[in-house]
Amino acid sequence: MSFRPTTIERAYQLAEGGDCRTVGDIKQKLQAEGHERVQENLYGASLTGALRKLCQKHYVPSAEDTAAVEPSDDDEDGDED
């Protein structure tokens, strides 16, 4: 017998895991994992606020996200030498 966490338990795991930047990211992952009635289970200002805070605290941008934000070192001054 395998144990599967409830939708809310899994939402907290995802929020603390560092891969989800927003509650929307959590909802998408839950649906992809086959959880049902995600919108209903994650409804309410207190719950979504708590998940949002955890996402902000634990989110670790991927290398792709970091590269998109950081400027390129190729041409720092903008001149074409």
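Keep in mind the model is a prediction, meaning the values are calculated, not measured. Values below: every heavy atom of this structure, side chains too, minus hydrogens, waters and symmetry copies.
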Euclidean distance, [Y] [atom2] relative to [X] [atom1], rounded to 0.5 Å:
X: Asp19; Y: His58; atom1: CG; atom2: NE2; answer: 12.5 Å
X: Arg10; Y: His35; atom1: CZ; atom2: NE2; answer: 6.5 Å
X: Cys20; Y: Gln28; atom1: SG; atom2: CD; answer: 9.0 Å
X: Gln31; Y: Ile26; atom1: CD; atom2: CD1; answer: 12.5 Å

Practice item. Might you point out which heavy atoms bring Arg4 and Glu33 nearest each other, and give the distance in Å? Key: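 Looking at all heavy atoms of both residues, the closest pair is NH2-O, 3.5 Å.
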
Review point. Taking all atoms of both residues into account, what is the closest heavy-atom pair of Phe3 and Glu9, and its distance?
Key: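 Smallest interatomic distance, heavy atoms only, reads CZ-OE1, 4.0 Å.
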
Check your understanding: Of Asp25, Val38, Ile8, which is the lone residue that meets side-chain contact (heavy atoms from CB on, under 4.5 Å) with Leu30?
Key ->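 The option that passes is Val38.
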
Check your understanding: Glu16 side chain to Gln13 main-chain N or O, any donor-acceptor pair under 3.5 Å?
Key -> no

Point to revise | Verify same cluster id: Leu42, Leu14 (apolar side-chain graph, 4.5 Å) | key: yes

Review point. For Glu36, does the CD atom sit with more than 12 other heavy atoms under 6.0 Å from it, leaving out its own atoms?
Key: no

Exercise for review: Using the side chain to side chain contact (heavy atoms under 4.5 Å, CB included) rule, take Leu47 and Tyr12 through it: C-alpha gap first, then chi angles, then the decisive distance, then the call.
Suggested key: CA-CA 10 Å; Leu47 178 59; Tyr12 274 92; 3.6 Å; yes

